[in-house]
Amino acid sequence: MSDQMKDRMKDIVSLCKRRGFIFAASDIYGGINGFWDYGPLGVELKNNLRDRWWHDMVIAPPLGLDGTPISIVGLDSSIIQNPKCWEASGHASGFNDPMVDCKESKKRYRADHVVVLIPKDGQGYALAFDKDAEDIEIEKRLKKLAKNKSISDFDRKSLDQIPVEDFPNIIAPDTKKAGTLTEPVQFNMMFKTTSGAKEGSDSEVYLRPETCAGIFLNFKNVLDSSRVKVPFGIAQIGKAFRNEVTPRNFIFRSREFEQMELEWFCAEEDVPKWFDFWVEQRTNFWLSLGIPKSELHFLDVPKEDLSHYSSRTIDVEYRFPFAAPDFDELEGIAHRGNYDLTQHQEFSGQKLDYFDQAENKRYLPHVIEPSTGLTRGVLALICEAYTVDENRPSGVYLNFHPSMAPKKAAILPLTAKPHHVEPAQKLYMELRDEFVVDLDIKQNIGKRYARQDEIGTPYCFTIDNETLEDHSVTVRDRNTMEQQRIPLDKVKAFLREKIYG
RNA sequence: GCGGGCGUAGUUCAAUGGUAGAACGACAGCCUUCCAAGCUGUAUAUGCCGGUUCGAUCCCGGUCGCCCGCUCCA
């Protein structure tokens, strides 16, 4: 990360706290790593993004491949589910990678990623290598550290299969002497808690590490109650929890976060076209919120990096300041196959297949999953909106799309005198049922404009002497700082036009 | 989890082994017919715990948190 972008992140974090967007959780106790609270403006911004996603997915889904509206229904499943659910999904095992550290090289390895060569004759040291190490490299190192022996003189074993008592005899991958590896440490990516007042292992439960599981668990319930037909989608927004090893970069990687996930169920043969469809839809979503195409990047995730369930994934990446000039993940669009339904069907013993009346066949639909972090989206919107402008008093303004701005408008009486304040209060009362608006009376007008700039309010309506004469107000545009005069009774229409397009 | 850096008002910074100062911000008031103007005033800080010391914000240890690099991100 460049120094300039490092400063940019610092400035953004500082503004977020100063103006009430985002605070460290448990701030007065010194904070808690990986958790964040959303302040008065942060919650408005987050709700705006959440509502927009829900609207575009569930209330008014896009037109499908044939030009007719597709079918998507909503869901809000529980954060805690039957623990068997996580065995089926692969999280219970997949989230528990034992790690070993090397005291010498200070490196850390996944135990199952390290292969150990054990001498067949039981003489001399065992040597550890990265599991992908080439034979040539291995022979080279054997020459130095195990004279007179070659690969054929050793048995191979994964490090996680070797008892800790034997560790002192192992030469770690990046060292020359034995006994530098620490005991394997378990990393539990899932938060564990207990259900029921009485603590005990049989009531151990997990906070969901992703929201999508609840969708698969309810696949049959939705089918049986909603008259949906494949292809269709189930959408969900909610919190998920992961014990990240290293929470980093403000709210980008936190341990408690919010996801917006759609599981799109379709026939296997239709996967390619629906996949492209969703990549396009999701891209348009971010573009429409003011994220320019130049700041987005589409990563066709290489095969070796794909999750265990996915055969294709495209990451929609945004140029976050901490990643610049590179990008980091904002949304993932994954083809999950029918992995999840297959697993849950097997583990639960319940039939989850879909019966297609027209084709007269049963099958497990394939799934395309556009999954995005709501809280990551919030960060992207803030980073994108943050605009330095030395020509204005605040020095900076937040260039939010009007539909995303936490406050749509501020109503400002030019002075604190009653003849300005009273009409302002009246306008405020007229607007506040439909728009989130501020009424700010105190201090000089410049200060108030500056404050609204800094929180990204797109419009300020100012009541002055002319208002009393001809029932007009000035509208100040946040981005241009220019003003125009419009009739008082056109203010609502003006805002509707600007916000909803 | 490892290594390095850091922790002083809301924010950004300053200072000191004898308990802290500014700017901006906030608040109250005056003034004010359009961009943080001017004036007066107010409140607010040494992350937490322990040690050394007559005395610690400063030195030491621990802890928590933040930043950077590894590792991790199924």
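Basis for what follows: all heavy atoms, side chains included, without hydrogens, waters or symmetry-related copies. Letters A, B, ... are given to chains in the order of the sequence lines, protein chains preceding strands, and every chain is numbered from 1.
One can place CG of Asp440(A) at 15 Å from P of A36(B), the figure rounded to the nearest angstrom.
In this structure, Ala24(A) reaches neither bases nor backbone, as no heavy-atom distance under 4.0 Å exists between it and the strands shown. If you check every strand for non-hydrogen atoms under 4.0 Å, Glu466(A) touches nothing. When heavy atoms are screened at a 4.0 angstrom cut-off, Glu482(A) is found touching no nucleic acid atom at all. Within the nucleic acid shown, Arg476(A) comes within 4.0 Å of at least one base atom, counting heavy atoms only. When heavy atoms are screened at a 4.0 angstrom cut-off, Tyr397(A) is found touching no nucleic acid atom at all. Nucleic acid contact for Asn444(A): base, since at least one base atom lies under 4.0 Å from a heavy atom of the residue. Contacts of Arg19(A) with the nucleic acid, taken as non-hydrogen atoms under 4.0 Å apart, include base atoms. Within 4.0 Å of Thr462(A), counting heavy atoms only, lies at least one base atom of the nucleic acid.
Only the C1' atoms considered, C34(B) is 24 Å distant from C27(B), to the nearest whole Å. Across C72(B) and C2(B), the matching P atoms stand 16 Å from one another, rounded to whole Å. Using C1' as the reference atom, A56(B) and G17(B) are 7 Å apart when rounded to the nearest Å. Distance noted for atom C1' between G65(B) and C54(B): 33 Å (whole Å). Comparing the C1' positions of C67(B) and A26(B) gives a spacing of 28 Å, expressed to the nearest Å. Spacing between U46(B) and A22(B) at atom C1', rounded to whole Å, works out to 16 Å. For the C1' atoms, the distance from A45(B) to G10(B) is 10 Å, rounded to whole Å. For U57(B) and U19(B), the C1' atoms lie 8 Å apart once the distance is rounded to whole Å.
Annotated as syn: U19(B), whose glycosidic dihedral is within 90° of 0.
Residue Lys447(A) places none of its side-chain N or O atoms closer than 4.0 Å to OP1 or OP2 of C35(B).
Here the rule is side-chain contact (heavy atoms from CB on, under 4.5 Å) with Phe191(A), and of Glu256(A), Arg255(A), Arg242(A) only Arg255(A) fits it.
Pairing for G29(B) goes to C39(B), judged as Watson-Crick or G-U wobble with the two contacts each under 3.5 Å. In this entry G69(B) has C2(B) as its Watson-Crick or G-U wobble partner, both defining distances falling under 3.5 Å.
Using a 3.5 Å distance cut-off with no hydrogens or angles, the side chains of Glu261(A) and Thr211(A) do pair a donor with an acceptor.
When all heavy atoms of Phe21(A) and Leu15(A) are compared, the closest pair comes out as CD1-O, 4.5 Å. The two atoms that bring Leu49(A) and Gly377(A) nearest to each other are CD2-C, 3.6 Å, heavy atoms only.
For a distance-only test at 3.5 Å, the side chain of Arg248(A) qualifies as a donor-acceptor partner of the base of G69(B).
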